[in-house]
Amino acid sequence: MATKGRPRPAALEVTQAPSQDDIGVEARVVAGLLLNAALEKRNGLDEALSQPAARALEPVDRAFARAVAMAALRRLGEIDQILNRRLQKSPPEAVRTLMRIALAQTLVLETPAFAAVSTAVKLAERDPKTRPYKNLVNAVLRGVGREGPGLTTAESNLPDWIAARWKATYGEAALAGLALAAREEPATDLSLKPGVDPAAVAAAVEGEALEGGTVRTGRRGDVATWPGFDDGDWWVQDAAAAVPVRLLDVNSGETALDMCAAPGGKTLQLAAAGAAVVALDRSAPRLKRLSQNLERTGLTAEVIAVPAEDWEDDRSFDAVLLDAPCTATGTFRRNPEVLRATKPAEVAKLADVQHRLLDVAAERVKPGGRMVYCTCSLEREEGETQIIAFLRRNPGFRTVAADPAALGAPPEALTPEGWLRILPSMWAEHGGLDGFFVARLERVS
Ligand SMILES: C[S@@+](CC[C@H](N)C(=O)[O-])C[C@H]1O[C@@H](n2cnc3c(N)ncnc32)[C@H](O)[C@@H]1O
């Protein structure tokens, strides 16, 4: 796709007659289902993956279907720019889905054009609703193959309201960086258990050790088959997600509360630092993964399924982590669907929840203790605004400034207040990282 300032990938070429074009047809049906489920609602893609249509596929085909849907989600704006230029009027959604899926394959995943085009036409033929559009599907896709996709803009992949927000908050240059970050599939980051050598893990997974101790690898596929997984040497955790616990800086023998803990990457870090950890989460199913990871890594924590505000226990802690539920707009590289699933009203709704949970967390901090608040959201209402309001409500707390260099965080993430505002466009030379807001507070009275 020719995007301003980026190298243009090879155009679509129909080089070979389809020989086995039935292979993969079902995978493309599922790719369309996954794409539409993701566009419909939050967690739609994951839910659709557990439905019979997806489960009936061989693992390799299911992985392909997911990859196609993710590619379509990441580049949806650009794909639609290409289609809209070639369509005189908008076709039924089912037809657009077929074409989106085909272009995601040819333009992003570099699937051979003959396979993508012929399966799209075959799929159009199968359904009486799309059958009348079979020739259109064929003509449009072959047209793109012959003439190339034309100019597209990375910003088109962001919903308008989100682009407008980020432009107002971070400026035009940052918006351009965020849009470029949103096009790319991220690497996988691993956090290591203490005593495990980052250089050895990096060598074993063909990765690189980043500042802060995270190992980053371009490997794909089932992490459970990677070296060191069964030994519990590491867990998957984005480099930015590892920063909040480093900032909390717990020591062996201290008590720590992880108030919204599941699926548990940060609990593992706290336990690995030697703290006596209590991990709360309102979702028992999400905590299951946490317990599995504790078992695999040989780390321990007291795991309790309860909404934090209902936890009847009078303990207070040296260190409290509140990784609050949020819109998760900072995770768009790994979860491109969050940008489509998040609706403007949700920002205010989740900000209310965060406000409430911050006060609950504050009550659990011992005098002289500390708390880290973080969210993987790029929205100020879920970050800076929360802490400004919290400090106003709680004069017994003060901000402690973060030192990005000591935390493995990009230096430009430091705000004038001493908080961290990590943007996915930072560390572009290493392939970026998730967006996070992180602030450390101390109870002074
Ligand atoms: C951002 S996620 C936490 C991610 C986790 N800290 C990690 O590193 O893997 C937010 C979590 O908050 C939980 N949650 C939402 N409301 C809650 C509440 N009132 N009490 C406790 N947990 C809550 C959700 O179930 C979700 O697992």
Side-chain angles (χ1 to χ4, degrees), residues 42-43 46 188-192 212 214 223 234-248 250 256-273 275 277-294 296-297 299 301-313 315 317 319-332 334-335 338 341-342 346-347 349-364 371-379 381-383 386 422 433-439:
R42 196 175 278 277
N43 301 326
D46 284 340
T188 299
D189 290 347
L190 309 177
S191 284
L192 314 189
T214 292
V223 296
W234 48 257
W235 55 94
V236 174
Q237 185 177 40
D238 186 88
V243 169
V245 170
R246 291 189 196 132
L247 181 60
L248 194 56
V250 295
L257 173 66
D258 189 353
M259 226 179 76
C260 292
K266 299 179 188 72
T267 306
L268 296 177
Q269 280 180 284
L270 290 167
V277 185
V278 176
L280 302 187
D281 201 285
R282 71 176 309 145
S283 162
R286 283 170 65 87
L287 280 173
K288 219 179 252 169
R289 252 189 57 214
L290 167 52
S291 298
Q292 284 163 354
N293 272 320
L294 282 169
R296 180 175 64 84
T297 53
L299 296 167
E302 188 182 338
V303 178
I304 306 173
V306 66
E309 55 277 44
D310 298 344
W311 188 39
E312 291 182 4
D313 188 298
R315 275 179 278 179
F317 297 82
V320 173
L321 175 68
L322 174 55
D323 182 17
C326 68
T327 52
T329 50
T331 68
F332 61 67
R334 299 188 190 287
N335 310 304
V338 293
T342 303
E346 263 181 293
V347 178
K349 215 167 109 190
L350 283 157
D352 279 347
V353 175
Q354 291 145 10
H355 172 129
R356 203 162 28 82
L357 288 175
L358 259 166
D359 287 343
V360 174
E363 281 173 19
R364 297 283 175 184
M371 159 161 96
V372 162
Y373 170 79
C374 63
T375 53
C376 55
S377 162
L378 296 186
E379 316 317 312
E381 296 91 324
E382 302 184 87
Q386 287 295 340
I422 302 172
L433 70 182
D434 280 353
F436 257 87
F437 172 81
V438 194

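The analysis underlying the following values was restricted to heavy atoms, covering all of them including side chains, and did not include hydrogens, waters or symmetry mates. Remember, it's 1-based here, ligands and their atoms both numbered in the order they're listed.
- Between Ala308 and Val360, the shortest heavy-atom contact is O-CG1, 3.9 Å.
- With ligand atoms numbered from 1 in the order given, ligand 1 contributes 20 (N) to contacts under 4.0 Å with heavy atoms of Pro307.
- Between Leu280 and ligand 1, a contact under 3.5 Å exists for no N or O pair.
- Between Asp281 and ligand 1, at least one N/O pair is under 3.5 Å apart.
- Taking any N or O of Gly264, backbone or side chain, at least one lies under 3.5 Å from an N or O belonging to ligand 1.
- Here is the list of ligand 1 atoms found below 4.0 Å of a heavy atom in Lys266: 7 (C), 8 (O).
- Every atom of ligand 1 is numbered from 1 in the order shown, and the set under 4.0 Å from a heavy atom of Glu309 is 18 (C), 19 (N), 20 (N).
- Using a 4.0 Å cut-off between charged nitrogen and carboxylate oxygen, Lys266 and Asp323 count as a salt-bridge pair.
- Across Thr267, Val245, Leu248, a single residue satisfies side chain to side chain contact (heavy atoms under 4.5 Å, CB included) together with Asp258, and that is Thr267.
- The shortest N/O to N/O separation between Pro325 and ligand 1 does not fall below 3.5 Å.
- In plain terms, the two heavy atoms of Gly212 and Arg246 that are nearest each other are O-NH2, 3.0 Å.
- Nearest to atom 20 (N) of ligand 1 among the protein's heavy atoms is Ala308 N, 2.9 Å.
- Leu270 pairs in a side chain to side chain contact (heavy atoms under 4.5 Å, CB included) with only one of the listed residues (Val277, Val278, Leu299), which is Val277.
- Looking only at atom types and distance, the side chain of Glu379 has no donor-acceptor partner in the side chain of Thr327 under 3.5 Å away.
- Those atoms of ligand 1 with a heavy atom of Gly265 less than 4.0 angstrom away are 7 (C), 8 (O), 9 (O).
- Closest heavy-atom contact between Gln354 and Ala324: CG-CB, 3.8 Å.
- Identified under the side chain to side chain donor-acceptor pair (under 3.5 Å) test for residues 281-292, with sequence neighbours left out: none.
- From the protein, the heavy atom lying nearest to atom 12 (O) of ligand 1 is Cys260 CB, 3.3 Å.
- Distances below 4.0 Å separate heavy atoms of Ala261 from the following atoms of ligand 1: 5 (C), 6 (N), 7 (C), 9 (O).
- For atom 22 (N) of ligand 1, the closest non-hydrogen atom of the protein is Arg282 N, 3.2 Å.
- The distance criterion of under 3.5 Å between nitrogen or oxygen atoms is met by Arg286 with respect to ligand 1.
- Within the listing of ligand 1, atoms 21 (C), 22 (N) sit less than 4.0 angstrom from a heavy atom of Met259.
- Relative to atom 4 (C) of ligand 1, the option among Ala262, Ala242, Ala305 with the closest non-hydrogen atom is Ala262.
- Every atom of ligand 1 with a heavy atom of Ser283 under 4.0 Å away is listed here by number and element: 25 (O).
- The contact set between ligand 1 and Ala324, taken as ligand atoms under 4.0 Å from a residue heavy atom, comprises 1 (C).
- Looking from atom 10 (C) of ligand 1 to the surrounding protein, the closest heavy atom is Asp323 O, 3.7 Å.
- For Glu312, the side-chain hydrogen bond (donor to acceptor under 3.5 Å, both in side chains) criterion is met by no residue, not counting sequence neighbours.
- Within the 4.0 Å heavy-atom criterion, the part of Leu357 lying near ligand 1 is the side chain and not the backbone.
- Here the closest heavy-atom approach between residue Arg42 and residue Glu346 is recorded as NE-OE2, 3.2 Å.
- The two residues Ala439 and Leu247 make their nearest non-hydrogen contact at C-CD2, 4.2 Å.
- Contact between Val250 and Ala319 at its shortest, heavy atoms only, is CG1-CB, 3.5 Å.
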